[in-house]
Amino acid sequence: MTETTASAETTPDSRVRGRFAPSPTGDLHVGSLTTAVGSYLDAKSRQGTWLVRIENCDRDREVLGAADRILHTLEIFGLQWDGAVWYQHERTEAYAWALDTLRRHHRVYPCSCTRRELAKHPTLESHYPGYCRTGPRRPEGPHAIRFDASHADALTYTDRLRGVQHCAPQQSIGDFLLRRRDGFYAYQLAVVVDDAAQGISDVVRGADLLDNTPRQRLLQEALGYASPTYMHLPLVLDHTGAKLAKSRRALPANPADAPRLLTHILAALGHEPPQMLHTAPVGLQLTWALQNWNIYNIQYDKDILLPDL
Ligand code: GLU
């Protein structure tokens with residue numbers, strides 16, 4: 001009995017499908033690279049598939065050339081993805097179709113509120129209370145589409161690191177955007193449609209996205225999709241304790257410079273390679289990490305403080 005359980009846990013599982021889904025709003029920073037390393041190791045240590053998806057729904061925020069530079073950086077760090085890279089700007093038909101499904105099920109409504117109007121009430125942009133739920137306040141002119149969370153039940157899901165999470169959608173989420181007034185599809189809809197279309201089984205991403213998970217679970221339920229598992233890695237801070245999200249710190253563009261940073265990233269994820277592999281070529285370090293990957297080594301309740309590199 002024990003033997004069966006043990007072998008089931010260690011059996012390679014080719015059904016595991018992970019992904020890294022960067023937005024090309026700038027070059028990759030150390031925080032995103034840490035997420036990429038974590039999701040790569042999580043999928044590949046179980047002989048799974050690891051996909052890369054460029055999340056460029058919001059064409060206004062896309063920085064020219066950033067997607068190519070992100071892919072190049074992943075290659076320098078030995079993070080080779082499977083199959084073709086998906087680009088969200090090529091997926092608008094799928095998003096339109098999903099929105100139509102939600103419309104037919106009366107789960108969405110048009111909203112004419114502008115950002116400026118909502119900005120007057122700072123809490124409303126992140127938690128819209130449904131002003132237009134019974135009909136847009138200004139029926140003429142452009143409107144956004146919102147998900148109606150007013151009937152959503154309390155939600156419980158398990159984060160693989162953080163355990164059981166609870167959320168009361170009406171209080172903590174409100175009616176969120178699926179398509180903006182300018183016609184661009186919103187992140188929440190695109191990510192859910194694409195995770196389902198790519199058959200993603202395991203989402204591994206940064207803790208800054210933790211709050212988005214209940215919204216995505218609601219959408220999955222409304223669209224009849226299976227939900228992947230979720231794991232939110234700790235946030236990466238620089239040596240001063242500042243968030244790296246907006247950091248423009250350049251990552252090594254030369255493969256010879258990458259090993260030192262990879263050693264730090266692996267250590268930050270609780271997988272410091274043995275001394276003899278410190279600064280070894282990235283392929284060797286990744287091979288060691290794949291053999292030793294154990295998510296319970298990750299200290300999820302503390303931000304990651306990277307040394308001044
Ligand atoms: N595109 C998002 C970002 O770069 C990540 C989306 C996700 O992993 O769900 O922050």
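Note that ligands are numbered from 1 as they come in the structure, with each ligand's atoms numbered from 1 the same way. Everything numeric in this text was worked out from a predicted model, so none of it was measured. Residues: numbered from 1 along the sequence shown.
Of the polar atoms of Ala21, at least one N or O is found under 3.5 Å from an N or O of ligand 1, judged by distance alone.
Checking Gln198 against Arg19 by side-chain atom types alone, no donor-acceptor pair falls below 3.5 Å.
A pairwise comparison of heavy atoms in Tyr95 and Leu189 identifies O-CD2, 3.7 Å as the closest pair.
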Checklist line | Stepwise salt bridge (charged side-chain N to carboxylate O under 4.0 Å, His left out) test for Arg61 and Glu55 | finding: CA-CA 11 Å; Arg61 290 186 60 224; Glu55 300 212 322; over 6 Å; no
Next item on the list: In sequence, state the C-alpha distance, the side-chain angles, and the governing distance for Tyr225 and Val193, and then conclude on side chain to side chain contact (heavy atoms under 4.5 Å, CB included).
Entry: CA-CA 9 Å; Tyr225 298 158; Val193 170; 4.1 Å; yes
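Protein heavy atom in closest approach to atom 10 (O) of ligand 1: Leu209 CD1, 4.0 Å. In this structure, atom 7 (C) of ligand 1 lies nearest to the protein heavy atom Arg19 NH1, 3.3 Å. What sits closest to atom 3 (C) of ligand 1 on the protein, heavy atoms only, is Ser23 OG, 3.5 Å.
Through chains of ILVMFWY side-chain contacts below 4.5 Å, Leu210 is grouped with Tyr157.
When non-hydrogen atoms are compared, ligand 1 lies under 4.0 Å from neither the backbone nor the side chain of Phe20.
Against a heavy-atom cut-off of under 4.0 Å, Val191 is close to the following atoms of ligand 1: 9 (O). Interface atoms of ligand 1 facing Glu55, defined by a heavy-atom separation under 4.0 Å, are 1 (N), 2 (C), 5 (C), 6 (C). For ligand 1, the atoms lying closer than 4.0 Å to a non-hydrogen atom of Arg205 are 7 (C), 8 (O), 9 (O).
Ring geometry for His271 versus Trp288: interplanar angle over 60°, hence perpendicular rather than tilted (30 to 60°).
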